[in-house]
Each structure stands twice: as C-alpha cells, then as structure tokens.
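The shown structure was predicted, so the numbers you read here are calculated from the model rather than taken from an experiment.
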Amino acid sequence: MRSRAPPQLKQKRSVAEKYSRNSAVGSAPRVALAGSKVLVALIALCCVSVLVVCHWHIDQTNLNSGGATVGLNLNAFVSKKAETIPSNDLQQTISNHDLQQQPLSFPKAPEFDTDGKTRLHIVFSTDCSQYQHWQSYTVFFRAMKVGQPGHVTRIASGCTDKEAEAVKAWHEERVTNAMSSKFGVHFTPHFSAVKDEDGNVKGDYEFFNKPYGLEHWMENGEGMGIDPATGNMKDEDMVIILLDPDQALLNPIGTDFSEDRGNVIYHGVKGDTKNKQRVKHGSPFAATYGFGDGWRPLDIGKIAGEDSPAKKVSAAEAIDHYAVGPPYIATARDMYNIAVKWAEFVPEVHKQHPKLLAEMFAFCIAAAHLQLPFQLVDSLMVSDAGIRVEGWKLIDEIPGDEVCENAVFEKYPSPFVIHFCQRYMAAEWFFGKRKLPKDFFTCEHPLLQIPPKNLATEFNYKILPAKKEKEIITPRIMKHESFMICAMTSIVNEASEFFKMKHCSDNKGTRFDKSMNLFQMF
C-alpha cells in the first residue's frame, strides 16, 4: 500500500499552537535511603519533614472545566505511615514515588475544534466488565492529558441495574468529578446476543454493541437526539469521533488533517490532490486498516440489497476508501446515517462471516452503500508492530536510543492514537491488555516496571512468554515492539499515579512502587 514519506524529523510543535496545551512534567532525583537502621530512620524522618515543608496539594479549582493541576498531599498519609510501619517499608512507600517531581499539569480542553465553532464528541463502546472498566479510565485520562476538545462519552451496553448503578457512581467520583464534567457515560440495553431466524439466542458476539450502541446513543444520549420534524440529527454539524476502548490518545483529534501539522500521513502519495484536508459533510476520515477489500467476497446483495452501490465498489476503491477502522471521524449527519445501516447490516454480515471483523466489514459496507468514501490516514494510529501501513513511519524517525524515553511521543511527531490490541514483546519485556490486572487502577496495586532505555537498540529478539522461546526480529520490528511496550507502560503508570494522587492520600496501603512485570506473570 502506498503511503507518503514522513515529514523531516523534528521535535513536535507545541500543541498549544492548536489546542492551548501547556502540559509539563518535571522530575528530580529520587531520595535514596541506605545504611544502618539508625541512618535509615533518620533519613525517613527527614523525608517526612521535606514533605511537610513542600506541602504538596491537589488543586481542585478547575477540574470540572476540563483542566487539572495535580500534586500529592502526603503529609497526613506519610506521618501516619511513619508511626505504624517499619522504616524499610516507609523507604519503599516513599522512594517508589518521585516525591520531588513537579506537579502534573494538564491543559484546559477547549470547548470547540480549532475553527472555534465545531463541536467534537469522542465516543467508545464497552460492556460492563471490569476488563473494559480500566480501559475506559485510560481513554478518559488520555483525553484529559492531551487536552482533547469537546466531550467524551463511554457507551456501556448490557449492564444489569446493579452494575449500571456501580459504574455510574464510580464514573461520577473517579472521572467526572476528578477529570472533567464533559466526560460522561451512556447506558444501553444488551445487544450482543446472536439469534437464529426464529429469534432464539444461539450465541454471543460482543461487538454487536458497537453499531447498536452508537445508534442508541445518537438517538438518546445527552445532548444528542433526532429532530422529529425532519428525522435528522438535532446538531448535524457536530463531529463524532468513534474510538475503541483499547485506544489511547497521543494527540488531540479534530477535523483538521492538513499535512503541515507534521504528523499527518495520508494513505496515498504525498501531495496527492485527491487527499482531503478536513472532515465535513460527505467527507469522513478514518484510520487505515490492513484488511483491504476483505468484505467484497461477501454476498453484498443479501446484506444491503441487489441494487446497493456497495456492489459496484472495485477492489482498488475498497482499499483506497473503505479499508477503515477506528478512529472513525465524521459529521453527526454522516455518522448517524452510517450507524443506522451499520446496525441493519451487521447481523447478516456476522451470519456470513462469524468472525472478529464482522462488525468492521459491516461498517465498510454501510459506508459504501451510502456512497460515503473515507479519507484514509495512516498516522491516525499504530497497533500492529509488524505491519507496513499505520503510522509507523513516524516511529521509525525517532532515534532508537530515545524510543523508550518516558513519553517520547510528546517530544516527536507521533500518531494520534495508540491501539494496544496486540501482544507486544521485546527481549524479556511484554505488554498485553489481557495480562494487565483488572484492578490496576486501585490504591493498593503497584505500577509497572520501567523497561530499559536501550531496549530498542541493545537487543534483537523477543521471547514468546508462554513458550519461553527466543525469536530473532529485525531492528525495525524491535523498535516498534519496544515503542509499544514503553509507551503503554508510561501511559498506564501515569494514569495510575493520577488515580492514586486523587483518591488514595488517606489509604495506608497505597503503593507507588514500579515493581510489576507482565512478562514474569506467565
């Protein structure tokens, strides 16, 4: 597949140029405690004194406006710990968190896109499982961290009344009140049942929640709805950004995909006049996915009707305009029309193709049926470390010895989203979303170990954890795997630190130590 060459390597422009971003994270050397028991005790007391003098605090003044400056009030917490636990335990509790770092600073998110008028709304579909609970928290945290304009809503499908009540309460305390009042949750009925021709349930396909959940939210969600007089969306000009829950923002997403941004790589030749620059009615955008025209062999006539325009789409057109996946970006008018047909087509698509990609193929067919060709953007995401499409050209341009620097994606031009749906392996390091404990965002859970900074340059292999087999990989793949492991470690650790700072100051069992290694869990 063709893709334009990446822009000349340069450090990332300040996001403040587009989104008034002023994020800054500082750090200082950790306090080291060593020596005899007496010396350890004296140093521990000094640490407590420093904490009292520094008077870390949590700034509550602008949280609900979409911005937050967060410090850590450990005064009472540490003084209680000093009285009740041995000094070596106090050493672990204190030194595992960088007590001398500057407070984390998050930008105040704009209400509108860069044009000052377009409303943006990110949505993502989940069930009510704990597994997708922690992923949802990551989506919200990253939206806050990058200063994503507009609103963000989790669409939670199939919750029992008890589950919905618990999720709503947790979300209000941990997300809405702690991050932004523009971060919401919308509940829908259970949609994932697979039924036979008589309506009897014969299985479950959880990804039915995506089309049906989107349609339900667009018709019934807060601030959404259909105008009964016209049958159209009440605000057709709003732009909807549909993510998956296992996607973490590295950059804000809006409607502007001008090539001069530095991190936009179109699916096509550089300077191609066919490339669209901005999302508007009839001009949706999406990430490039590698399944090509995989949906075309299906019986399109049975899915969408014998006269459907989707039947006339050529292989080349399918690859250039419909090989798409999240993030999907479209105006509310276009997204709602797609959602209606997506929900209509997906049962038959799943019947013909009862596999993982059924709902994605149904989305492609719906867009083709409506004659809504997408502008594909390779750099909207990275996911599969071994694939040629996606935004890997941007990662290739980062110096190898910097790939594992903390939050390197904030220093260089980077993709918009990291899609952590694969298993990532480099030497004896691993990240996989199904291995991360579901209770990771709690006070008592440790953080992930930090991979070595030379991971991408000093090793040339990965180890399949279950089999403990070493596999030699190319330097390029090693760099990609290392980036995903290090980036996701940075992302979930920072989100967890934020959680602990906000909600765990009075919990004696709170842990900031970076001691958990997912590779060692096999």
Side-chain angles (χ1 to χ4, degrees), residues 113 118-125 150-151 153 155 157 186 188 191 207-244 253-255 276 278-287 289 295-296 298 300-313 317-318 320-350 358-377:
D113 195 14
T118 301
R119 293 175 59 203
L120 302 175
H121 205 134
I122 285 181
V123 291
F124 60 99
S125 174
H151 290 69
T153 296
I155 303 173
S157 299
H186 174 79
T188 81
F191 291 126
F207 301 108
F208 280 153
N209 287 330
K210 292 175 66 176
Y212 293 122
L214 176 65
E215 183 182 26
H216 187 280
W217 170 75
M218 295 193 76
E219 293 177 348
N220 304 284
E222 183 178 356
M224 307 301 292
I226 305 299
D227 185 341
T230 64
N232 300 325
M233 293 296 300
K234 291 179 179 178
D235 183 358
E236 290 192 316
D237 298 329
M238 181 196 312
V239 169
I240 309 300
I241 304 162
L242 178 59
L243 302 181
D244 277 346
I253 298 179
T255 62
K276 301 169 185 175
R278 183 176 287 274
V279 178
K280 57 185 179 180
H281 293 308
S283 178
F285 280 55
Y289 277 63
W295 54 271
R296 290 181 66 249
L298 300 177
I300 306 298
K302 194 169 185 179
I303 295 166
E306 293 299 332
D307 60 347
S308 171
K311 293 189 65 176
K312 301 177 182 179
V313 173
E317 290 172 329
D320 288 342
H321 296 294
Y322 298 106
V324 296
Y328 302 110
I329 312 166
T331 64
R333 176 198 298 172
D334 291 343
M335 190 67 84
Y336 180 66
N337 288 335
I338 291 174
V340 171
K341 289 300 178 183
W342 190 15
E344 178 184 334
F345 295 164
V346 71
E348 179 60 31
V349 173
H350 183 264
E359 56 87 11
M360 297 186 72
F361 286 177
F363 185 99
C364 299
I365 296 169
H369 175 79
L370 295 167
Q371 297 179 287
L372 285 171
F374 275 73
Q375 173 64 62
L376 276 63
V377 180

Please report the closest heavy-atom contact between [X] and [Y], naming both atoms and the distance.
X	Y	value
Phe124	Leu242	CA-CD1, 4.4 Å
Ile253	Pro327	CD1-CG, 4.1 Å
Val346	Ala358	CG2-O, 4.5 Å
Val279	Ala330	CG1-CA, 4.0 Å
Met218	Ala332	CE-O, 3.6 Å
Val324	Ala286	CB-CB, 3.6 Å

- line: For Trp342, the ring pair (Phe, Tyr, Trp, His ring centres under 6.0 Å) test, sequence neighbours excluded, returns Phe363
task: Check ring pair (Phe, Tyr, Trp, His ring centres under 6.0 Å) between Phe191 and all other residues, then give those that pass, not counting sequence neighbours.
output: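 With neighbours one apart ignored, the set is Tyr212.
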- request: For residues 215-232, pull every pair meeting salt bridge (charged side-chain N to carboxylate O under 4.0 Å, His left out), keeping only residues two or more places apart or in separate chains.
  value: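 Residue pairs with at least one partner in residues 215-232: there are none.
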task: If a pair satisfies salt bridge (charged side-chain N to carboxylate O under 4.0 Å, His left out) and one of its residues is in residues 335-347, list it, with sequence neighbours excluded.
output: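 Found Lys341-Glu344.
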Inter-residue atom distance [X].[atom1] - [Y].[atom2], 0.5 Å rounding:
X	Y	atom1	atom2	value
Ile122	Leu243	CD1	CG	5.0 Å
Ile329	Asp334	CD1	CG	13.0 Å
Phe361	Arg296	CZ	CZ	12.0 Å
Ile303	His350	CD1	NE2	12.5 Å
Asn337	Leu370	CG	CG	6.0 Å
Leu120	Ile241	CG	CD1	5.0 Å

message: Checking Lys302 now: which residues fulfil side chain to side chain contact (heavy atoms under 4.5 Å, CB included) with it, not counting sequence neighbours?
response: Asp299, Glu348, Gln352
message: Could you work out, with side chain to side chain contact (heavy atoms under 4.5 Å, CB included) as the rule, every residue matching Ala368, not counting sequence neighbours?
response: Trp295, Ala310, Val313, Tyr322
- request: Decide side chain to side chain contact (heavy atoms under 4.5 Å, CB included) for Met238 and Met224; before the verdict, give the C-alpha distance in whole Å, the side-chain angles of both, and the deciding distance to 0.1 Å.
  value: CA-CA 10 Å; Met238 181 196 312; Met224 307 301 292; 3.7 Å; yes
Please examine the side chains of [Y] and [X], heavy atoms only from C-beta on, and report whether any two atoms are closer than 4.5 Å.
X	Y	answer
Pro326	Met360	yes
Leu214	Met335	yes
Tyr328	Ile338	no
Arg278	Asp113	yes

message: For the backbone of Ser157 and the side chain of Asn209, can you confirm whether one donor and one acceptor N or O come within less than 3.5 Å of each other?
response: no
For [X], give me all partners under side-chain hydrogen bond (donor to acceptor under 3.5 Å, both in side chains), at least two apart in sequence or on another chain.
X	value
Lys210	Asp244, Glu359
His121	Thr153
His321	none
Asp237	His281

Steps toward side chain to side chain contact (heavy atoms under 4.5 Å, CB included) verdict (His186, Asn220): CA-CA 9 Å; His186 174 79; Asn220 304 284; 4.2 Å; yes
- request: Look at atom NZ of Lys311 and say whether more than 12 heavy atoms of other residues, nucleotides or ligands are closer to it than 6.0 Å.
  value: yes
